[in-house]
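Before any comments, here is the structure.
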2 protein chains.
Amino acid sequence: MIQIYRNYAEFKQREVGEDTEAKRKAVLDIIRQVREKGDQALFAFTEAFDKVKLTQLQVPLERIEQADQNQDPLFVSSLQEAAERIRAFHQKQKKDSWFMTEEDGTILGQRLTAMDRVGIYVPGGTAAYPSSVLMNAIPAQVAGVGEIVMVSPPNQEGTIHPHVLLAAKILGIKEVYAIGGAQAVAALAYGTESIKPVDKIVGPGNIYVALAKREVFGQVGIDMIAGPSEIAIVADEAANPVYIAADLLSQAEHDPMASSILFTPSFSLAEEVQKEVERQLQTLPREKIAREAIDQYGGIIVVNHLDEAFEQVNLLAPEHLELMVEQPFDWLAKVKHAGAIFLGRYSSEPVGDYFAGPNHVLPTSGTARFSSPLNVDDFMKKSSIIFYSKQAFFSHGKKIIALAEQEGLHAHGRAIQVRLEGENNE
Amino acid sequence: MIQIYRNYAEFKQREVGEDTEAKRKAVLDIIRQVREKGDQALFAFTEAFDKVKLTQLQVPLERIEQADQNQDPLFVSSLQEAAERIRAFHQKQKKDSWFMTEEDGTILGQRLTAMDRVGIYVPGGTAAYPSSVLMNAIPAQVAGVGEIVMVSPPNQEGTIHPHVLLAAKILGIKEVYAIGGAQAVAALAYGTESIKPVDKIVGPGNIYVALAKREVFGQVGIDMIAGPSEIAIVADEAANPVYIAADLLSQAEHDPMASSILFTPSFSLAEEVQKEVERQLQTLPREKIAREAIDQYGGIIVVNHLDEAFEQVNLLAPEHLELMVEQPFDWLAKVKHAGAIFLGRYSSEPVGDYFAGPNHVLPTSGTARFSSPLNVDDFMKKSSIIFYSKQAFFSHGKKIIALAEQEGLHAHGRAIQVRLEGENNE
């Protein structure tokens, strides 16, 4: 049963730090072998870990083209509409290069360009998450990334779940490989005979995928390494306990480590939600996972007033935050850290997971203190532009030399000096 | 002597991958001890590594206040003017939150907020780099970070180089600790009795600092881990060989691993630069370092035409790129990847290192393919905003359920279903 606490400090916090040294060693070995043996290592690891003998790594284009066959039409059209909404939102994120000119003729600026080639990791297993394909690939497409390639572990037939391929088809992604795990990350980072290396790898995965991404960081860019996720709900006495319970459980069903926490000043609401969570749990298909999450990492914190709720939410820095209060916009400025903020009674978390438009790849485990939802910026890079005028150069030259000399970098000073001497300063 | 090549492929590439497993183990142990023993571990490690017995960790405020005493006035005023220019440039980077409204009443948006507390690592040793303090701290200040704290290893007097403190004074930074190495990174990430933990750690450091940052990534944010740096110069036959040689050497004097490469279609320019590098090297105070860098990782690549030069530059994705060609802006669009691009004869790299305004913390070792100069965005985070209207909810509800059900996430579907059932849909 979900427990009621009087104080967030009493609440049992997650201790996520698992000892991963042995797994890390295994991952380092996989990466080394992929770098040395290329495709051959990919075939061998796929046989060992995914228990399937592939004859080719790339998924044939006709499989992607046919992925909408035998699918529920409402599912297909909903996925298409979701893609359109996600694209519309992310287009608002796209920024332009800019320049500033100074009176003396100097031009300074920041140029934005898209990355050339990006790899998206899509987890395998029995479930398939086509929404995750949309959320990872669309920001890259909006950024203008030239090549987007997808990898996902093969199933027993040596191919990828048709829902994932359907998402690829909707987005026009044509380069898909049926490989997963640390070996897929290594192949994307370093390349093999049949897979060209990428500039960045994004997308969720198991602990081996996460460790491999951490190791190849620097060779390629990576997104945040996701930890167990959480939802915090701030509710006043007018909020609906049935909706709150349902939203807490929608997070809890993800993972036994997921955390679902309600903050409310109303003790009667707390008790109603407690009962309602129990009632709804009993008929939930993923009851076992959700119950484990609720028992271990769920909680209801009864605060003295709403201001106190926000103080505690800011300590948590939750991935998802629902404001189920009257006049939710009045409280928005109190939120310092959260991945996504859902305001009002109709903004249930699954609305954002699937359909509203903002990204569902969000900073977890308190990392909202310093990181952001996946967005178009994550697939672009900046270059500084410096065009110094002769006038600016002669006006600043001696100052630059003074700074360089004080740092003991005399060759820096000389690069200025040779120009001061070599140019006629009219 | 700097060698001339006919092709970039012949050129000896850097192999940076040093085996760091033993150092990593040492770093893991340092982090563990700082987490367990707090300040006590900091004092002990400082005595062991920096050979100085501290009585307090924090640098007294009066030391910072007095840091402009006994300094060269031109140096002080130049540092102040540089800070102003850097601030003016970075202010142009600051972005606003935004919202979009839909006809049905839905509001979606992206809120930007500054991080609460950021730590800046400043390397110690015999040299001091006040310019690095400016470049790391000013973007954080422009972002609006509430607390900026600085750490730097103590010298034999148990304090920090006065040039570094001068930079702190100019910027108004008051919280400075005389600690360095992996122990400083651990203290910033996890906190001790006297040091409050931060949300992000930025700034350059030695291999132990880099490894420690990599380990605490996730607990806090970090900037890129810098590798050896490089300059590429593209020059046509009209370019001045004296300037080119001076600029190549200004990079080479940093570090024996630094790489200085000229691309030119002119064989006669190549020969002149070769001689000029040798001539300038002979009187350089840091000749030994620069010569080692030039011999090992310097080179002149004679290409068939300028287009070919840009193809090869894009493979290198250099940290610094100078375009010493007629009409440099005509060539800008050919550059795909570079940290900072310097256009024209007066835009020598040290102009950007110290004074122009753009940041000198740049992506090294080819990481410009996927990363950016340090900038204001690095100290802010985004939160998605979702306020769904009743009309949008009823129009999309069944589609969201279809998507959730196909992913097997029934509690997600139910969070929508209970609202569709619970609300009167007028």
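All figures in this text were calculated on a predicted structure; none of them were measured in a lab. Note on naming: letters A, B, ... go to the chains in the order of the sequence lines (proteins, then strands), and numbering restarts at 1 for each one.
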- Could you please spell out the steps behind the side chain to side chain donor-acceptor pair (under 3.5 Å) verdict for B:Gln406 and A:Tyr129? CA-CA 9 Å; B:Gln406 292 282 349; A:Tyr129 299 105; over 6 Å; no
- Go through B:Ala402, B:Pro285, B:Gly408 and name the one with the most non-hydrogen pairs under 4.5 angstrom from chain A. B:Pro285
- Yes or no on salt bridge (Lys or Arg N to Asp or Glu O under 4.0 Å) for B:Arg24 and A:Glu21, after CA distance, side-chain angles and deciding distance? CA-CA 12 Å; B:Arg24 180 175 168 272; A:Glu21 279 301 297; 2.8 Å; yes
- Task: Look at A:Ala411, A:Pro373, A:Gly422 and state which one has the largest set of heavy-atom pairs under 4.5 Å with chain B.
- Result: A:Ala411
- Item | Verdict with supporting geometry, A:His337 and B:Asp116, side chain to side chain donor-acceptor pair (under 3.5 Å) | CA-CA 10 Å; A:His337 319 292; B:Asp116 280 347; 3.0 Å; yes
- Task: Might you work through the side-chain contact (heavy atoms from CB on, under 4.5 Å) test for B:Lys336 and A:Thr113, ending with a clear yes or no?
- Result: CA-CA 7 Å; B:Lys336 292 174 78 172; A:Thr113 48; over 6 Å; no
- Is any NZ, NE, NH1 or NH2 atom of the basic residue among A:Glu253 and B:Arg414 found under 4.0 Å from an Asp or Glu carboxylate oxygen of the other? no
- Can you name the closest pair of heavy atoms from A:Tyr243 and B:Val418 and give their distance? CE2-O, 3.7 Å
- If you count heavy-atom pairs under 4.5 Å between each of B:Gly352, B:Ala88, B:Ser371, B:Gly344 and chain A, which one has the most? B:Ser371
- Would you mind telling me which of A:Lys200, A:His254, A:Met224 has the largest number of heavy-atom pairs within less than 4.5 Å of chain B? A:His254
- Query: Is the shortest side-chain N to carboxylate O distance from B:Glu81 to A:Lys398 below 4.0 Å?
  - Reply: no
- Message: Which heavy atom of A:Ala356 sits nearest to which heavy atom of B:Leu108, and what is that distance?
- Response: O-CD1, 3.3 Å
- Message: Between A:Glu102 and B:Arg85, does any side-chain N to carboxylate O distance fall below 4.0 Å?
- Response: yes
- Task: Classify the angle between the aromatic ring planes of A:Phe329 and B:Phe387 as parallel (below 30°), tilted (30 to 60°) or perpendicular (above 60°).
- Result: perpendicular
- Would A:Trp98 and B:Gln93 count as a side-chain contact (heavy atoms from CB on, under 4.5 Å) if you check the C-alpha gap in whole Å, the side-chain angles of each, and the deciding distance to 0.1 Å? CA-CA 9 Å; A:Trp98 54 263; B:Gln93 291 178 330; 3.7 Å; yes
- Item | Test item: B:Ser372 side-chain N/O and A:Lys382 main-chain N/O as donor-acceptor pair under 3.5 Å | yes
- Hey, what's the ring geometry for A:Phe355 with B:His396, parallel, tilted or perpendicular (30° and 60° as the breaks)? tilted
- A:Tyr346-B:Phe393 aromatic ring centre distance below 6.0 Å: yes
- Using the side-chain contact (heavy atoms from CB on, under 4.5 Å) rule, take A:Leu343 and B:Ile386 through it: C-alpha gap first, then chi angles, then the decisive distance, then the call. CA-CA 6 Å; A:Leu343 297 97; B:Ile386 299 173; 5.9 Å; no
- Task: Report yes or no: does B:Arg214 contribute a side-chain atom to a donor-acceptor pair with the main-chain N or O of A:Arg214 at less than 3.5 Å?
- Result: yes
- Query: Quick one: what part of A:Asp378 sits under 4.5 Å from any heavy atom of chain B, side chain, backbone, both or neither?
  - Reply: neither
- Message: Test side-chain contact (heavy atoms from CB on, under 4.5 Å) on A:Leu409 and B:Arg286; report intermediate values, then the result.
- Response: CA-CA 8 Å; A:Leu409 295 175; B:Arg286 292 166 72 94; 3.8 Å; yes
- Would you find a donor on one side and an acceptor on the other, under 3.5 Å apart, between the side chain of A:Arg369 and the backbone of B:Lys381? no
- What heavy-atom pair brings B:Thr367 and A:Gly218 nearest, and what distance separates the two atoms? CG2-O, 3.3 Å
- Most heavy-atom pairs under 4.5 Å with chain B, out of A:Asp377, A:Thr283, A:Thr364, belong to A:Thr283
- Does B:Arg419 reach the side chain of A:Asp247, with side-chain heavy atoms less than 4.5 Å apart? yes
- A:Val351 versus B:Ile400: any side-chain heavy-atom pair under 4.5 Å? yes
- State whether the side chain of B:Ser347 and the backbone N or O of A:Tyr388 hold a donor-acceptor pair below 3.5 Å, judged by distance alone. yes
- Note on the structure: Closest non-hydrogen contact found for B:Glu407 with A:Ala128 is CG-O, 3.5 Å
- is_close_aromatic(B:Phe217, A:Phe217), centroid dist under 6.0 Å: yes
- Which bit of A:Glu405 is near chain B, if near means a heavy-atom gap under 4.5 Å: side chain, backbone, both or neither? neither
- Parallel, tilted or perpendicular, as decided by the 30° and 60° cut-offs, for the rings of B:Tyr354 and A:His412: perpendicular
